[in-house]
Each structure stands twice: as C-alpha cells, then as structure tokens.
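Here the structure is laid out as structure tokens; the discussion comes afterwards.
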Protein chains: 2
Amino acid sequence: MTTRIQRRNRSRILDAALEVFSQQGFRGATLDEIAAVAGLSKPNILYYFDSKDAMHRALLDALLDVWLAPLRALNPQGNPKQEIIGYMRRKLELSRDFPRESRLFANEVLQGAPRLSDEISGDLKALVDESAGIIQGWIDAGLLPQLDPYHLIFSIWALTQHYADFGAQIRLIRDGADPLEGADSYLETVFDRLLSV
Amino acid sequence: MTTRIQRRNRSRILDAALEVFSQQGFRGATLDEIAAVAGLSKPNILYYFDSKDAMHRALLDALLDVWLAPLRALNPQGNPKQEIIGYMRRKLELSRDFPRESRLFANEVLQGAPRLSDEISGDLKALVDESAGIIQGWIDAGLLPQLDPYHLIFSIWALTQHYADFGAQIRLIRDGADPLEGADSYLETVFDRLLSV
DNA sequence: GTCTATAGTCTGATAGAC
DNA sequence: GTCTATCAGACTATAGAC
C-alpha cells in the first residue's frame with residue numbers, strides 16, 4: 001500500500017537526485033546534497049531507495065522512455081522533409097522541457113556510458129538502424145538529397161541537445177537570455193535548406 | 001631549475017588528470033585514480049601540483065588557448081562561405097585530435113561552468129560577439145543567406161563537438177567504428193547547402 | 001623527489017530509538 | 001516513516017623518513 005506522502009516523497013527525492021546527478025555526474029553527486037535538495041534526511045532518502053545506484057537507475061529508466069519516443073514517431077508514409085523536421089522539433093521541445101534529463105544523459109555518455117551501454121547498443125541502436133533505413137528509402141526514392149542518414153540523425157541530436165547541455169555557456173555569451181531564444185526558427189531554416197531536393 | 005624528469009612527470013600527471021577529469025568531472029575524479037593512471041604515488045603527484053584544484057586549473061588554462069584559436073582565425077577579408085567552413089573544419093579537427101579536452105570542457109559547462117564562467121563571459125563572449133559581427137557584415141553585404149550569426153556559431157560547436165563528447169554513444173550505435181568516419185564530408189555538405197546564397 | 005604513514009574530513013549505508 | 005548516532009571505507013592533503 002502506497003500512501004500519498006510516500007508518493008510525494010519519492011518524487012521529491014527523484015527530482016532532487018535529477019538536479020544533482022545531472023550537474024555532477026554519478027560519482028560527483030553525493031547523498032548529502034540530494035537529501036539537502038529534497039529537504040529530507042540522508043537515512044530517509046535511503047529508506048525510499050536502497051542505494052545511490054538505485055536512485056540513478058530509476059532516473060535512467062524514466063529518462064529512456066521519454067528520450068526515445070520522438071524517433072519512434074517517424075512515419076515512413078509521411079512527407080520526408082516534414083517528418084524529419086517534425087522529429088527535430090520534438091527533440092528541441094525535450095531540450096526546452098527536460099534540460100536536466102538531457103544533461104543526465106550527456107553526463108552518462110561523457111563517462112563512456114557505463115550504465116547505459118546495454119540500452120544504447122540494444123534498443124537505441126535498433127531504433128536508429130530502422131530510422132536510418134526509412135531515411136535511406138526516402139533518399140533512394142529521390143525525395144531527399146544524398147545524405148548519410150546516420151550522420152543526419154546524429155546532427156539532429158547534436159543541434160537540439162546542445163541548447164540544454166551547453167545552456168550555461170550560451171547564457172553567459174548571450175547576457176543571461178534564454179538559450180533557446182531563436183533556436184526554433186534557426187533550426188527550421190537549417191533543415192529546410194539541408195533537406196530540399 | 002627544472003630537470004628532464006620533472007618535465008616528464010609533470011606532463012604524465014597532466015595527461016592522467018585529463019584522462020580522469022574528462023571522464024568523471026571535477027568532483028567525480030579522485031587523486032588515487034589520477035596517480036594510478038600516471039604511474040606515480042599520490043603524495044608524489046601532490047608534490048608537483050599543490051592540490052586537485054591546481055591540476056584542474058592547469059588543464060583548463062591549457063585548454064582555452066587551443067579551444068579559442070580556430071575562431072580567432074576567422075578573416076573578415078576572406079570568402080565568407082570558405083571562412084565559415086574552414087572554421088568548422090578546424091573545430092572538427094579539434095574533436096579528432098583532442099577529444100579528451102572537448103569532454104573536459106563539456107563536463108565543466110554541464111556543471112554550470114563554475115570554474116570557467118569568467119573566461120566564457122569575458123574572452124570567449126568578446127570573441128563570439130566580434131565573430132558574429134563579421135558574419136552579420138557578410139549577410140548584410142548579401143554574401144551569405146539570412147541566418148542568426150550566434151546560432152550559426154553555436155551550431156558549428158554543437159555539430160563538431162558532438163563527435164568527441166558523444167563518441168561513446170556513436171561507437172555503440174555504429175558497431176565500434178570511429179565516430180568521425182564520414183563526418184567530414186557530411187558536415188561539409190551541411191554547411192555548403194546552408195551557406196549558399 | 002619519492003616513499004610510508006597518517007591526520008582529518010567526507011561518503012554511502014546501517015542500527016536502533018521513537 | 002523519520003530521526004540521531006555511528007560504522008567502515010574513501011577522500012584530500014600533510015608529515016617526516018630516506
């Protein structure tokens with residue numbers, strides 16, 4: 001039986017853990033800091049999650065569903081350019097709405113993806129291979145210019161996630177402005193020009 | 001007086017520190033691991049650098065010179081498209097030749113740039129403002145299409161650094177192949193199409 | 001210059017009172 | 001469920017022998 005208070009505390013802890021893990025990485029994060037951010041004692045957060053690792057694992061599992069959803073929505077029957085730009089838009093929305101999740105993922109990959117290699121070489125790779133196949137089909141049908149479909153996908157990741165992962169840098173360069181200001185229309189232009197036949 | 005052995009040990013330590021800091025971030029890195037990678041004892045590496053912080057600082061200082069050089073080479077008198085593609089190429093070379101430096105920088109910015117905010121809002125911002133001005137001049141002269149020059153610079157950073165920072169992910173998706181395979185010609189195509197008037 | 005030993009602090013996790 | 005108290009180990013850094 002899970003009470004309202006338990007659910008609230010669990011979600012507070014996960015939110016605090018996301019805050020700290022996404023900024024410091026797994027090893028750099030401490031339970032003390034997570035507990036302080038959550039407003040709970042250290043033994044108490046360990047009552048809800050067995051270990052530091054379990055907290056991190058819970059975050060990664062929740063993250064992957066959200067992270068892979070946009071690519072799953074690619075429709076082989078749709079208009080190629082609109083499908084790809086739509087994918088880019090959904091990824092950019094993730095950077096806007098879930099920047100901490102983006103940084104959590106970035107931290108993991110920077111560290112060599114020690115806790116994500118199974119998911120990346122399994123689910124994600126399969127999904128990317130399938131999507132690259134769809135894009136290559138469009139290219140072969142003359143609906144898109146000649147482009148390496150894998151690099152096309154990587155470049156969408158790079159361009160959209162950059163606004164979340166390097167947001168601190170952009171903010172410092174643009175006098176504190178929202179990093180994503182003007183990003184939508186810029187990236188729209190980029191992919192419109194890139195994908196025109 | 002600095003001996004040959006001292007210079008060799010200093011550079012061994014810095015190399016080991018780069019290896020560990022770039023993977024684990026500042027707080028996640030430990031002197032034990034740096035010492036082990038360097039093949040020296042922990043007190044010994046602290047004989048060469050006063051503290052963990054001093055090691056990190058030395059790496060950041062060396063990094064910034066290398067990191068900013070390509071943008072400084074932008075020539076207002078040159079051919080606009082070739083200048084920008086040349087800048088992109090030099091940045092991509094940095095990802096190829098100095099992937100650990102790229103990840104060290106990425107780690108810092110992910111953490112909110114606590115040890116780099118002065119350099120970013122000072123030197124780097126000034127350099128970006130100046131470069132954006134040059135690019136805007138080219139646009140106003142009709143030599144480039146209408147594009148936000150700041151986002152153009154950010155997109156060069158995003159696309160080139162992605163191959164170093166997310167190399168682990170790309171390697172897992174592409175069956176262990178060199179992440180940069182095909183990147184040169186792909187990015188050349190991207191910017192050729194983007195910057196044509 | 002390099003080592004062993006260790007000081008003093010922080011870390012993840014547990015015990016046990018309430 | 002939540003707390004205080006605390007453990008064992010890891011951490012940065014220093015002392016002192018050689």
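Given the structure is predicted, the values throughout are model-derived calculations rather than measurements. Here is the naming used below: chain letters follow the sequence lines, and residue numbers restart at 1 for every chain.
Within the nucleic acid shown, A:Ala54 has no heavy atom closer than 4.0 Å to any nucleic acid atom.
Evaluation of the side chain to side chain donor-acceptor pair (under 3.5 Å) rule for B:Lys52 yields no partner, not counting sequence neighbours.
Side-chain contact between B:Met55 and B:Phe21 is present, with at least one heavy-atom pair separated by less than 4.5 Å.
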Review item, nucleotides 13-18 of chain D N/O atoms under 3.5 Å of protein N/O:
{"from": "D:dA13", "atom 1": "OP2", "to": "B:Lys52", "atom 2": "N", "distance (Å)": "2.8"}

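No option in B:Asp178, B:Asp184, B:Thr160 other than B:Asp184 meets the side chain to side chain donor-acceptor pair (under 3.5 Å) test with B:Arg96.
OP1 and OP2 of D:dT4 both lie 4.0 Å or more from every side-chain N or O belonging to A:Asn44. Phosphate contact (OP1/OP2 of D:dC3, side-chain N/O of A:Tyr47, threshold under 4.0 Å): absent. Remark: B:Ser41 is not in phosphate contact with C:dT2, judged by side-chain N or O atoms under 4.0 Å from OP1 or OP2.
With hydrogens and angles disregarded, no donor-acceptor distance shorter than 3.5 Å links the side chain of A:Gln169 to the backbone of B:Val109.
No close placement of the B:His56 and B:Phe49 rings is indicated, their centers lying 6.0 Å or farther apart.
Taking the six-membered ring where tryptophan is involved, the planes of A:Phe154 and A:His151 are perpendicular, since the angle between them exceeds 60° and thus also 30°.
The separation between B:Ile34 atom CD1 and D:dT12 atom C1' is 11 Å, rounded to whole Å. Rounded to whole Å, the distance from CZ on B:Arg27 to C1' on C:dT11 is 11 Å. The separation between A:Arg10 atom CZ and D:dT2 atom C1' is 17 Å, rounded to whole Å. One interatomic measurement links the two molecules: NE2 of A:His56 to P of C:dA13, which rounds to 13 Å at whole-angstrom precision. Rounded to an integer number of Å, the gap from B:Asp32 CG to C:dT6 P is 17 Å. One interatomic measurement links the two molecules: CD1 of A:Ile45 to C1' of C:dT11, which rounds to 12 Å at whole-angstrom precision. Remark: P of C:dG12 and CZ of A:Arg57 are 19 Å apart, rounded to the nearest angstrom.
For A:Ser155 and B:Tyr186, the side-chain atoms include at least one donor-acceptor pair closer than 3.5 Å.
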